[in-house]
Amino acid sequence: MQPIRDRVIDVIRAGIERAQAEGVLPGFEVPAITVDKPRQEGHGDYATPVAMQLARVARMAPLRIASAIRDHLPEDPSIGSVEVAPPGFINLTLSGPWLASQVDTVLEEGEQFGRPACPRGVRVQVEYGSANPTGPLHVGFARNVVLGDALANLLAEAGYDVQREYYVNDAGTQMRQFQESLYARYAQALGQDVPMPEKGYQGWYITEWGRDIAEAEGRRFLDLPYEEAVAEIGEYGLQRRVLPSVRRDVEDMGIRYDNWFSERTLYQDGSFERAMEILREGGYVSERDGAVWFEATRLGADKDEVLIRSNGLPAYFASDVAYHYDKLVTRGFDLVIDVWGADHQGHVPRMKAMVEALGLDRDRLHLLLYQLVTLKRGGEIVRLSKRTGEMVTLRELIDEVSPDAVRYFLISRSPDSQMDFDLELAVKQSDENPVFYVKYAHARIASVLRLAEASGLSYEQADLGLLEHPSEMALLRHMLQLPEVVLDAAADFAPHRVAYYAYDLAKAFHAFYRDCRIVSSLTEDTEMTKARLRLAAAAKVALARALTVMGMEAPERM
RNA sequence: GCGCCCGUAGCUCAAUGGAUAGAGUAGCGGUCUUCGAAACCGUUGGUUGCGCGUUCGAAUCGCGCCGGGCGCACCA
């Protein structure tokens, strides 16, 4: 379904052009027309300030321009009435019967409601999660995966071809520390006096895994030379402990990735060398103090970045270069979105510079930053560190609070908002989490529809023109906004707007339910019952779409 | 010190540069013998941190302060 707003814009543009054709308005190029939803009741469904914006170029008073446009608007079944208001607004009210008729459209479209008619043919990759694979996911990553997943859903809903990816950082020093730590714990479990590495991972889970592996695999790693043993047990731990645990956690959050991408492969398949070659050819690589640098400052960044450290090992940025070369060039995504915590915000200019140095449009990479969540327990701040093992896992959280409640809580704030998450309150809050309000509305509709069906009421067709109660109209209006909410939220990478939409829609339904008896036992009300059942069914579709975009269940019962 | 983000009702947060800034929650007072009370209704609550600018119009854009968060490694 075309967003209603787009339709309104078309009508207004036609009005301007027709007024120009008749010489009522002077000739000028018609600018982009902005239309917004007035907050004030009585200002119609849509309002445009275009007459005020045209005042200068048309050399006419805004009110006269507005009247001229109004007088030349083409007939459109969706438009009910048009008013001009000082200082020059044009307010349009949608036609009630037309709004009601859209119930059929929503029901026909079903799961397609909210999506544009045609796919955009734009391939987008969203990469999120991507925690160092050195242990279970901690709660700090909850906002990352939930935001990334909702954004991916949202973009897909807006017609993009979306791929969801988890980047497995299985190369580099962090991995090495993990491997050595795991080996030490394993050896210790077998009574060997192998010390933990200096910067090793002290977490309880490493100890546990070391013991597990000792039990399951015996001494086989002990009998290998040290280097080999560390590499082998490290790989074993990564593949059989860390990744399965991460997979399980995100799956229980309702997240399914399309691809798990291994950092290591970048060095094995030549991506790294190819990307480096491009940077070198562009003259962006230099050697200094025994290290190899990417000269990001030449592309406007505040500082350069090390590619190869003086010890000969690639720095993490080298992987980033190769990885983004792979995404943007080898795999050819039109747009790549990385979801990052705001603690990495300082790297953004260098990442953008790198994309440009690869000869690409820097807008093809978008870094979606979210503010870190401050974790609390009864008002006390909890500091997390995988290194020291001081952590709260995502698993602990979702064992206590339903994944949907966690998701809604995290999605419903803009990525820029700093938020506190109190573990002690989380359980209590789950009861009053607005997510249940939305889900309840969906279940409530399902219940009414079940009742209707049990009573043998068929609502395959209805006279939708019977819908005219203010609460019916309000519900219709909210419901039909979904397409533009999806479009706007996707354009701004702002999944939280979907959460607010869902809440408002649920609210409109509850008001309708209060004011309008849906299933009536009186035979003279049968036609009205059918019309209201169809309206309720359409509202259910819209609620389900919003919940699905947020990655949540739309329950038939609860 | 420099950079990015934030500052809106007691609290948690909304609001593509548009008209009289909205929700939730907390507080107070009401509503279940008919479709799900996980719901609904009413009510209290604001100098949008402060100042100056930009323009027909600013919570929104610019500059300067004040306050908070996060960065500023040959770690990731």
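Lettering of chains follows the sequences in order, A, B, ..., and the numbering in each one begins at 1. Computed from a predicted model, the values in this text were never measured in an experiment.
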Visitor: Given B:A76, B:C56, B:G18, which nucleotide is nearest the side-chain atoms of A:Asp36?
Guide: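 Given the options B:A76, B:C56, B:G18, the side chain of A:Asp36 is closest to B:G18.
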
Visitor: Would you please confirm or rule out a distance under 4.0 Å between OP1 or OP2 of B:A15 and any side-chain N or O of A:His496?
Guide: yes

Visitor: Taking only side-chain N and O atoms of A:Arg309, does any of them lie within less than 4.0 angstrom of OP1 or OP2 on B:C75?
Guide: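 Affirmative; the distance criterion is met.
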
Visitor: Could you check which of B:C13, B:G71, B:C74 has an atom nearest any side-chain atom of A:Ser417?
Guide: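 The nucleotide sitting nearest to the side chain is B:C13.
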
Visitor: Side chain of A:Met558 only, heavy atoms from C-beta on: which candidate in B:A38, B:G18, B:A19 is closest?
Guide: B:A38

Visitor: Side-chain N or O of A:Ser414 less than 4.0 angstrom from OP1 or OP2 on B:C13?
Guide: no

Visitor: Check the distance between B:C13's P and A:Ile411's CD1 and give it to me in whole angstrom.
Guide: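 For the pair A:Ile411 CD1 and B:C13 P, the rounded distance is 16 Å.
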
Visitor: Name the pairing partner of B:U8, where a pair is Watson-Crick or G-U wobble with both distances under 3.5 Å, or state none.
Guide: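 Here B:U8 is not engaged in any pair, so there is no nucleotide opposite it.
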
Visitor: What contact category does A:Ala441 fall into here, base, sugar-phosphate, or nothing, at under 4.0 angstrom with non-hydrogen atoms?
Guide: nothing

Visitor: Of all the choices, B:A14, B:C35, B:A76, which nucleotide is nearest to the side chain of A:Tyr513 once you look at every atom?
Guide: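 Shortest atom-to-atom distance from the side chain points to B:C35.
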
Visitor: Contact class for A:Val438 vs. all strands (heavy atom < 4.0 Å): base, sugar-phosphate, or nothing?
Guide: nothing

Visitor: Can you check whether A:Arg514 has a side-chain N or O nearer than 4.0 Å to OP1 or OP2 of B:C41?
Guide: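 True: A:Arg514 side-chain N/O within range (under 4.0 Å) of B:C41 OP1/OP2.
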
Visitor: Please tell me if A:Arg444 has a side-chain N or O lying less than 4.0 Å from either OP1 or OP2 of B:C35.
Guide: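 For A:Arg444, the contact criterion (side-chain N or O under 4.0 Å from OP1 or OP2 of B:C35) is not met.
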
Visitor: Pick the P atom in B:G51 and in B:C72, then give their distance to the nearest Å.
Guide: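 Rounded to whole Å, the distance is 35 Å.
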
Visitor: Is atom CZ of A:Arg64 surrounded by more than 12 heavy atoms (other residues, nucleotides or ligands) closer than 6.0 Å?
Guide: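 Open: at most 12 neighbouring heavy atoms sit under 6.0 Å from CZ of A:Arg64.
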
Visitor: Using the six-membered ring wherever Trp is involved, compare the ring planes of A:Tyr437 and A:Tyr503 and label them parallel, tilted or perpendicular (cut-offs 30° and 60°).
Guide: parallel

Visitor: Could you tell me whether the side-chain ring of A:Tyr500 sits stacked on the base of B:A23, using a centroid cut-off under 5.5 Å and a plane angle under 30°?
Guide: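 So A:Tyr500 does not count as stacking on the base.
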
Visitor: Classify A:Arg517 by what it touches in the nucleic acid, base, sugar-phosphate, or nothing, heavy-atom distance under 4.0 Å.
Guide: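 The answer is base, as A:Arg517 lies within the cut-off (heavy atoms under 4.0 Å) of a base atom.
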
Visitor: Nearest whole Å is fine: how far is B:A76 C1' from A:Tyr167 OH?
Guide: 11 Å

Visitor: Regarding A:Ala47, tell me which of base, sugar-phosphate or nothing describes its non-hydrogen contacts under 4.0 Å with the strands shown.
Guide: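 The residue A:Ala47 makes base contact.
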
Visitor: Between A:Ile308 and A:His510, which is nearer to the 5' end of RNA chain B once each is assigned its nearest nucleotide?
Guide: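 Checking each residue's closest nucleotide, the 5'-ward one belongs to A:His510.
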
Visitor: Looking at A:Arg288, I'd like to know whether one of its side-chain N or O atoms comes within less than 4.0 Å of OP1 or OP2 on B:C74.
Guide: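 So the side chain of A:Arg288 is outside the cut-off, no N or O lying under 4.0 Å from OP1 or OP2 of B:C74.
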
Visitor: Kindly say if A:Ser310 contacts the phosphate of B:C74, meaning a side-chain N or O under 4.0 Å from OP1 or OP2.
Guide: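 Answer is no, no contact under 4.0 Å.
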
Visitor: For A:Ile90 and B:G18, what is the distance between atoms CD1 and P respectively, to the nearest whole Å?
Guide: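 Roughly 17 Å, once rounded to whole Å.
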
Visitor: Out of B:G68, B:G36, B:A76, which nucleotide sits closest to the side chain of A:Ser447?
Guide: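 Looking only at heavy atoms from C-beta outward on A:Ser447, the closest nucleotide is B:G36.
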
Visitor: Base, sugar-phosphate, or nothing for A:Asp289, non-hydrogen atoms under 4.0 angstrom?
Guide: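 A:Asp289: base contact, heavy atoms under 4.0 Å.
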
Visitor: Verify the contact: side-chain N or O of A:Tyr437 to OP1 or OP2 of B:C40, cut-off strictly under 4.0 Å; return yes or no.
Guide: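 Answer yes for this pair, as a side-chain N or O of A:Tyr437 is under 4.0 Å from OP1 or OP2.
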
Visitor: Looking only at atom P, what distance separates B:U8 and B:U60, rounded to whole Å?
Guide: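 So the two P atoms sit 14 Å from each other.
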
Visitor: Please give the nucleotide sitting opposite B:G3 as a Watson-Crick or G-U wobble pair, both distances under 3.5 Å, or none.
Guide: B:C70

Visitor: Would you say A:Arg497 places a side-chain N or O within less than 4.0 Å of OP1 or OP2 belonging to B:A15?
Guide: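 Yes, because at least one side-chain N or O of A:Arg497 sits under 4.0 Å from OP1 or OP2 of B:A15.
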
Visitor: Nearest whole Å is fine: how far is B:G3 P from A:Leu369 CG?
Guide: 17 Å

Visitor: Do side-chain atoms of A:Thr529 reach the backbone of A:Ser520 as a donor and acceptor pair under 3.5 angstrom?
Guide: yes

Visitor: The side chain of A:Leu451 lies closest to which of these nucleotides: B:G68, B:C35, B:A39?
Guide: B:C35

Visitor: Side-chain N or O of A:Ser521 less than 4.0 angstrom from OP1 or OP2 on B:U34?
Guide: no

Visitor: Using a heavy-atom cut-off of under 4.0 Å over every strand shown, decide if A:Ala291 touches base, sugar-phosphate, or nothing.
Guide: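 If one applies the 4.0 Å heavy-atom cut-off, A:Ala291 turns out to touch a base.
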
Visitor: Would you indicate what A:Asp416 reaches in the nucleic acid, counting non-hydrogen atoms under 4.0 angstrom: base, sugar-phosphate, or nothing?
Guide: sugar-phosphate

Visitor: What is the ring orientation for A:Tyr500 with A:His496, classed by angle as parallel under 30°, tilted 30 to 60°, or perpendicular over 60°?
Guide: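 Perpendicular: the ring planes of A:Tyr500 and A:His496 meet at over 60°.
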
Visitor: Which class fits the ring pair A:Tyr267 and A:Phe272: parallel under 30°, tilted 30 to 60°, perpendicular over 60°?
Guide: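 Because their plane-to-plane angle lies in the 30° to 60° range, the rings of A:Tyr267 and A:Phe272 count as tilted.
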
Visitor: For A:Gln53, I'd like to know if atom CD has over 12 heavy atoms of other residues, nucleotides or ligands within 6.0 Å.
Guide: yes

Visitor: In whole angstrom, give me the gap between the C1' atoms of B:G17 and B:C11.
Guide: 30 Å

Visitor: Could you work out which one of B:A23, B:G36, B:A19 sits closest to the side chain of A:Asn91?
Guide: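 Between B:A23, B:G36, B:A19, the one nearest the side chain of A:Asn91 would be B:A19.
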
Visitor: Can you tell me if A:Lys507 touches the phosphate of B:G24, counting only side-chain N or O atoms and a distance under 4.0 Å to OP1 or OP2?
Guide: yes

Visitor: If you count the non-hydrogen atoms of other residues, nucleotides and ligands that lie under 6.0 Å from CZ in A:Arg56, is the total more than 12?
Guide: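 Not buried by this count: 12 neighbours or fewer within 6.0 Å.
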
